[in-house]
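Input: a single structure, listed below in structure tokens.
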Amino acid sequence: DDHQIEDDFRMETKKFLNKMLKAKRYPGEVDQEYDETLSELFEKVVPGEGDEFAAVKPWIGAIKEPKDHPKPNPKPPAQEFEIDWVYGYRNEESRMNMGFNTEGHAVYPTAALGVIFDYKNMSQVYFGGGKTAFSKRKQKDDTKNMHTDDVSALAISQSRQVVVSGQNGKAPTLMVWDAISGEMIAKKKVPKGGRLVTSCAVSPNDKYVAATDASEKIYAYIYSISGGANPIAEVEINYKVVHMAFSPHDDTIFATCGKDHVIVCDLEKDRINKKRGKAGGGKLSSQCAVAWVADPKFKNHMLSAGVDGQIYHWTGDTISKTYKNNKGAVHSITCKNDSAAGGEVVLVGGNDSSLTAYSFDGKLTKLFNVELSSVARSVDIFNGRLLLGLKSGCIVEMPYKEDGKGKMKEIMKSHCDGEVWGLDVVTLETGDTCILTSADDNKILAYNIKTKEAVAQGKVNAVSASKASSSSAKKKGARPKSRSKTRSKSAAVKSRRGGASTLSSEPPENQSRCIAYCESLQHLAVANNLGIVTIREVDLNAVLNKEEGALDTVKKTLFKQLKKAEWVEAMAYSPCSKFLVVGSHDNFIYLLDTNTYKKCTKLTGHSSFITAVDWSLDSTHIRTVCGAYELLFFNAKTKKRDPSGASNTVDTVWASQTCKFGWNVQGIFPSGCDGSHINNVAMTKDQKLIATGDDYGLVCVYRNPVLEGHDAGRYRGHSEHVTKVKFSDCGNYLFSVGGQD
């Protein structure tokens with residue numbers, strides 16, 4: 001009967017669904033495998049049960065083959081790229097992750113790379129990164145000996161010849177490499193479920209490496225460098241670990257520190273014995289870093305950095321004395337015997353942005369205290385030189401002086417808090433090329449690619465000249481507001497609205513994910529994450545000459561009166577310099593006259609947030625893409641949408657290709673990925689190459705046009721989604737920025 005037929009049908013359907021749910025791949029999904037990593041992130045849905053990217057391509061009807069384009073070629077470009085320079089230093093998850101090698105070069109992590117930086121001769125060597133044939137998720141890339149995700153911990157051996165570094169991931173890897181050449185020495189595996197290498201260390205004779213994970217019970221592992229990939233012993237720590245260090249006197253003894261603990265571990269054959277540090281009857285404060293005393297006379301002595309601002313002096317597993325160093329936490333500590341500095345020196349980085357130096361002869365004696373621009377998360381001393389890794393993303397080098405008055409030199413400046421999205425590249429008439437970036441950390445940075453240094457820093461939330469003079473006048477003559485009329489900081493925080501999703505500690509008005517520069521006007525447009533755009537008068541020649549405040553002269557502030565403003569992801573000046581187009585997350589596009597920036601036309605038609613805008617070379621047309629995968633065209637003369645724009649622009653030459661939908665970029669999406677996988681697109685000025693930045697952390701370079709099935713040159717280095725890519729005018733350089741890395 002009908003009921004029986006319906007029951008049979010349900011049973012067959014259930015059998016089919018169960019069979020499909022057990023399958024690793026579905027028909028037609030060549031490159032996408034549903035594995036253990038994906039199963040932790042996503043529920044499995046049989047095709048037909050969920051939204052399919054192939055069925056939701058609204059831009060298909062809006063693409064037409066242009067009349068003039070290079071001949072399609074499915075092969076990767078003949079041109080190959082290599083990493084030329086990396087601007088960045090990351091210490092968000094770790095402490096004491098930087099130091100000198102035997103040549104006096106700085107060794108540190110950023111993104112998925114280890115960097116060896118000869119800052120005197122301005123050269124860098126990299127562990128990891130470069131070209132890869134692997135096009136799938138980064139965690140599965142075993143084609144090269146390199147990190148594929150965030151380098152979460154790094155340590156340099158006592159000999160300064162060996163580096164160990166660990167990354168995050170469900171089964172994270174531990175890499176051992178040469179501190180001078182960057183060549184691979186060994187690859188170790190952290191057992192499944194480790195999630196993250198939280199700390200690592202090398203034994204004094206370069207025999208062992210140790211690491212801790214972020215598994216449920218938190219383990220410490222020890223490996224033989226010359227042995228196999230698996231640990232030779234492990235021990236349950238059961239407390240969150242943020243740092244570890246080997247004794248400089250014994251290959252088998254190391255200590256861990258972190259949440260509520262210091263634990264001393266001793267390797268005995270194939271097992272690790274542990275002793276938890278005694279706090280003298282009370283609960284031990286959490287510790288941020290640990291260092292063993294280098295002098296053999298005190299080989300049983302350690303120093304640790306407490307979150308309560310104390311330096312803890314340990315004899316074995318017992319506290320013998322504490323020293324108050326600063327208010328707030330002590331973030332970093334090291335103890336080194338440096339003959340150029342007169343012997344045993346202890347360096348301590350405090351939460352008050354101080355660097356304190358002590359001597360040690362059984363007790364600590366303070367030598368000097370130096371004020372820094374940010375908290376020192378990593379400290380080292382070698383041959384009379386200090387190396388400081390700051391929380392702000394800066395690296396500082398200074399000579400050791402007994403009075404602490406050595407001149408500081410900032411050898412690296414980078415973004416540090418939240419994500420980096422803003423990127424523009426400008427080639428001046430002089431031939432100099434300047435990189436401009438903005439991020440969630442209230443920083444605008446300018447880099448000179450010739451000298452490979454940061455030449456200027458500005459603020460996203462810069463005060464305009466008129467506002468500054470008004471504020472100054474109020475300070476001179478006006479009475480201060482009464483306390484009852486002044487909102488508290490907490491009330492101000494509660495009232496904030498909008499903004500992009502971010503882990504930044506800065507408010508959205510201090511965050512920026514989009515910038516655009518017009519050389520002929522010398523205008524820099526900076527959009528914050530509340531949808532406000534500031535127009536700044538910026539002479540890049542002054543920027544390259546390192547003139548103070550060169551990025552902070554605000555001329556105009558736009559969209560202050562706009563209700564329900566949203567953050568801005570895309571902006572571009574027209575080639576004729578007469579217009580600025582702003583694509584907002586409020587689903588609208590704003591076309592502004594750059595003469596006064598007062599004439600503003602709202603262009604409508606999109607049903608979602610704007611992700612990209614392109615100008616035609618003659619400044620007559622605009623094409624845009626939104627989060628609903630729509631590709632629309634607008635006429636800049638009539639200031640109206642052109643429903644037949646695809647057909648009307650087949651003869652048009654476009655000044656840029658940032659839109660990820662179009663006839664010549666239809667093959668940039670890997671199979672099994674939806675439209676959000678590609679974050680940004682760029683094209684060379686001669687229109688021969690197209691580059692993409694994606695969620696796998698890859699930068700891919702194709703021949704133009706990119707049709708279905710075309711192959712690319714693929715490049716690793718980033719550990720997070722690549723948010724922006726852009727070529728230099730000459731096409732010899734390709735720049736990229738990574739979101740959270």
Side-chain angles (χ1 to χ4, degrees), residues 59-73 77 423-427 514 516-520 569-583 589 591 603 605-606 610-626 629-669 678-693 700-707 710 724-731 734-735:
W59 74 88
I60 290 295
I63 64 172
K64 300 289 182 183
E65 181 177 353
K67 287 187 177 178
D68 186 22
H69 60 75
K71 183 180 178 181
N73 186 335
L423 173 67
D424 203 357
V425 180
V426 184
T427 301
C514 189
Y517 185 74
C518 179
E519 186 180 359
S520 62
E569 188 175 341
M571 288 192 299
Y573 279 96
S574 62
C576 68
S577 306
K578 293 181 179 179
F579 303 101
L580 171 67
V581 64
V582 179
I589 299 148
L591 183 63
L603 305 178
H606 278 292
I610 313 304
T611 60
V613 295
D614 286 323
W615 278 99
S616 63
L617 198 58
D618 60 7
S619 302
T620 60
H621 288 84
I622 303 166
R623 65 183 174 193
T624 56
V625 162
C626 75
Y629 307 155
E630 298 165 343
L631 172 64
L632 302 184
F633 296 82
F634 298 87
N635 188 309
K637 290 182 177 179
T638 63
K639 296 180 175 58
K640 291 182 179 179
R641 179 184 166 191
D642 183 357
S644 301
S647 299
N648 292 339
T649 59
V650 291
D651 290 319
T652 299
V653 178
W654 293 94
S656 63
Q657 175 75 61
T658 64
C659 291
K660 59 186 175 182
F661 304 126
W663 183 86
N664 63 324
V665 291
Q666 57 188 293
I668 62 176
F669 297 95
I678 301 295
N679 300 309
N680 195 242
V681 182
M683 182 173 63
T684 53
K685 207 167 186 178
D686 63 10
Q687 303 198 353
K688 291 182 179 179
L689 298 178
I690 286 174
T692 64
C700 299
V701 183
Y702 300 85
R703 298 175 190 263
N704 180 30
V706 191
L707 306 184
H710 283 203
K724 288 277 174 38
V725 289
K726 190 156 187 174
F727 286 99
S728 62
D729 282 357
C730 64
L734 174 58
F735 304 92

Q | Set of residues satisfying side chain to side chain donor-acceptor pair (under 3.5 Å) with respect to Q687, sequence neighbours excluded | A |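 Counting only residues at least two positions away or on another chain, Q687 forms no side chain to side chain donor-acceptor pair (under 3.5 Å).
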Is there a side-chain contact between [X] and [Y] in this structure, where contact means two heavy atoms from C-beta onward sitting under 4.5 Å apart?
{"X": "K640", "Y": "N635", "answer": "no"}
{"X": "V706", "Y": "N664", "answer": "no"}
{"X": "L591", "Y": "K639", "answer": "yes"}
{"X": "I610", "Y": "E569", "answer": "no"}
{"X": "D651", "Y": "D68", "answer": "no"}

Expected output: side-chain [X] to main-chain [Y] donor-acceptor under 3.5 Å:
{"X": "T658", "Y": "V613", "answer": "yes"}
{"X": "D424", "Y": "Y517", "answer": "yes"}
{"X": "H710", "Y": "R703", "answer": "no"}
{"X": "N704", "Y": "I690", "answer": "no"}
{"X": "T684", "Y": "L689", "answer": "yes"}
{"X": "S616", "Y": "T652", "answer": "no"}
{"X": "T611", "Y": "V625", "answer": "yes"}
{"X": "Q657", "Y": "C659", "answer": "yes"}

Identify the two heavy atoms, one from [X] and one from [Y], that lie closest to each other, and give their separation to 0.1 Å.
{"X": "L617", "Y": "P575", "answer": "O-CB, 3.6 Å"}
{"X": "H621", "Y": "T649", "answer": "CD2-CG2, 3.8 Å"}
{"X": "K64", "Y": "W663", "answer": "O-CB, 3.5 Å"}
{"X": "T624", "Y": "H606", "answer": "OG1-NE2, 2.6 Å"}
{"X": "T427", "Y": "E519", "answer": "O-OE1, 3.3 Å"}
{"X": "Y702", "Y": "P77", "answer": "C-CG, 3.5 Å"}

Going from [atom1] on [X] to [atom2] on [Y], what distance comes out if it is rounded to the nearest 0.5 angstrom?
{"X": "T620", "Y": "N648", "atom1": "OG1", "atom2": "CG", "value": "10.5 Å"}
{"X": "F669", "Y": "K660", "atom1": "CZ", "atom2": "NZ", "value": "6.0 Å"}
{"X": "L631", "Y": "I63", "atom1": "CG", "atom2": "CD1", "value": "8.0 Å"}
{"X": "F633", "Y": "L603", "atom1": "CZ", "atom2": "CG", "value": "14.0 Å"}

Q.
Less than 3.5 Å apart, any donor N or O on the side chain of S644 or D642 sitting next to an acceptor on the other?
A.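 Looking only at side-chain atoms, D642 and S644 do not form any donor-acceptor pair under 3.5 Å.
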Q. What class does the angle between the rings of W615 and F579 fall in, given that below 30° is parallel, 30 to 60° is tilted and above 60° is perpendicular?
A. parallel
Q: Let me see the working for Q666 and L707 under side-chain contact (heavy atoms from CB on, under 4.5 Å), right down to the final yes or no.
A: CA-CA 5 Å; Q666 57 188 293; L707 306 184; 3.6 Å; yes
Q: Could you go through the side-chain contact (heavy atoms from CB on, under 4.5 Å) check for K685 and F727 one step at a time?
A: CA-CA 8 Å; K685 207 167 186 178; F727 286 99; over 6 Å; no
Q.
Ring centroids only, cut at 6.0 angstrom: are Y629 and F661 within range, meaning strictly under it?
A.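 So the answer is yes for these two rings.
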Q: Give the C-alpha distance, both sets of side-chain angles, the deciding distance and a yes or no for side-chain contact (heavy atoms from CB on, under 4.5 Å) between I668 and V681.
A: CA-CA 9 Å; I668 62 176; V681 182; 4.0 Å; yes
